[in-house]
Amino acid sequence: QVQLVESGGGSVQAGGSLRLSCAASGRTFNGYAMAWFRQAPGKEREFVAAIRWTGGSTYYEDSVKGRFTISRDIAKNTVYLQMNSLKPEDTAVYYCAARPSVAIVTRTYQYDSWGQGTQVTVSS
């Protein structure tokens, strides 16, 4: 069974940076796609970024392009989200997700496994 555990959230001022981590366990992740989603208060959960475990190709939601970088460390079975130039509108709970397919998709129902989330708060 896949387990995902996020860490690295916190509070930061606008313009600052944070790096989120997602420790994955339960199987090998060759052939998987891993993603980050976020959910702000009163809003639906939305796609942020995704990466193919094998090969490392990435995909980003438009509002985070150029500011966020998703990466993975195969030896550590960990996915990262480096977030720079943070804005108050980036405030949300950030979730790690995984699906057993190389296809990168952006809908929540297309992912099988989820972490518990980590809070990111950006103040102006």
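- Separation of the F37 and W114 ring centroids falls under the 6.0 Å cut-off.
- Separation of atoms CZ (R72) and OG (S21) is listed at 15.0 Å; rounding is to 0.5 Å.
- Side-chain N or O atoms of E6 include one that pairs as donor or acceptor with a backbone N or O of G117 at under 3.5 Å.
- Between T106 and Y59, the shortest heavy-atom contact is CG2-CE2, 3.9 Å.
- Without hydrogens or angle criteria, S101 side chain to A103 main chain gives a donor-acceptor distance under 3.5 Å.
- Residues that satisfy the side-chain contact (heavy atoms from CB on, under 4.5 Å) test with Q39, not counting sequence neighbours, are R45, Y95.
- More than 12 heavy atoms of other residues, nucleotides or ligands sit less than 6.0 Å from atom CD of Q82.
- Note that R38 lies outside the cation-pi zone of Y94, set by a 6.0 Å cut-off to the ring centre and a 45° limit from the axis.
- Nearest approach of F47 to A35, heavy atoms of both residues: CE1-CB, 4.3 Å.
- Ring centroids of W53 and Y32 are separated by 6.0 Å or more, keeping the two rings apart.
- A donor-acceptor contact shorter than 3.5 Å links the side chain of T78 to the backbone of K76.
- Side chain of R52 to backbone of V102: a donor-acceptor contact under 3.5 angstrom is found.
- T118 places a side-chain heavy atom less than 4.5 Å from the side chain of L20.
- The local environment of NZ in K65 is crowded, with over 12 non-hydrogen atoms from other residues, nucleotides or ligands closer than 6.0 Å.
- For the residue pair N84 / S17, a side-chain donor-acceptor distance below 3.5 Å is found, with atom types taken as modelled.
- The minimum heavy-atom distance linking L4 with A24 is given by the pair CD2-CB, 3.7 Å.
- In this structure, V12 and T121 have side chains that are not in contact, with every pair of non-hydrogen atoms separated by 4.5 Å or more.
- From C22, atom SG reaches atom CG of N77 across 10.0 Å, with rounding to the nearest 0.5 Å.
- When side chains are defined from C-beta on, I51 does not count as touching W36, because their heavy atoms never get closer than 4.5 Å.
- The same ILVMFWY cluster, assembled from side-chain heavy atoms under 4.5 Å apart, contains both V48 and L18.
- Checked by atom type and distance alone, the side chain of Y60 pairs as donor or acceptor with a backbone atom of I70 at under 3.5 Å.
- The CZ atom of R99 sits 9.5 Å away from atom CD1 of I104, with the distance rounded to the nearest 0.5 Å.
- Residue-environment remark: CD (Q13) stays at or below the threshold of 12 foreign heavy atoms within 6.0 Å.
- S85 approaches R67 most closely through the heavy-atom pair O-NH1, 3.0 Å.
- Between V105 and Y111 the shortest heavy-atom distance is O-OH, 2.6 Å.
- Taken from CD in E89 to OG in S63, the straight-line distance is 8.0 Å, to the nearest 0.5 Å.
- The distance from atom OG of S113 to atom CD of Q1, rounded to the nearest 0.5 Å, is 7.5 Å.
- Annotation for D112 and P100: closest pair OD2-CD, 2.6 Å, computed over non-hydrogen atoms.
- Side-chain contact between Q110 and T108: absent, with no pair of heavy atoms (C-beta onward) separated by less than 4.5 Å.
- For E44, the CD atom is loosely surrounded, since the number of other residues' heavy atoms within 6.0 Å does not exceed 12.
- Side-chain atoms of M83 and V120, non-hydrogen and from C-beta on, do get closer than 4.5 Å to each other.
- Residues satisfying the salt bridge (Lys or Arg N to Asp or Glu O under 4.0 Å) criterion with R27, sequence neighbours excluded, are absent altogether.
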Before giving the answer on side-chain contact (heavy atoms from CB on, under 4.5 Å), spell out for Q116 and V5 the whole-Å C-alpha distance, their side-chain angles and the decisive distance to 0.1 Å. CA-CA 7 Å; Q116 82 289 350; V5 179; 4.3 Å; yes

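- Distance alone, capped at 3.5 Å, is enough to place a donor-acceptor pair between the T91 side chain and the V122 backbone.
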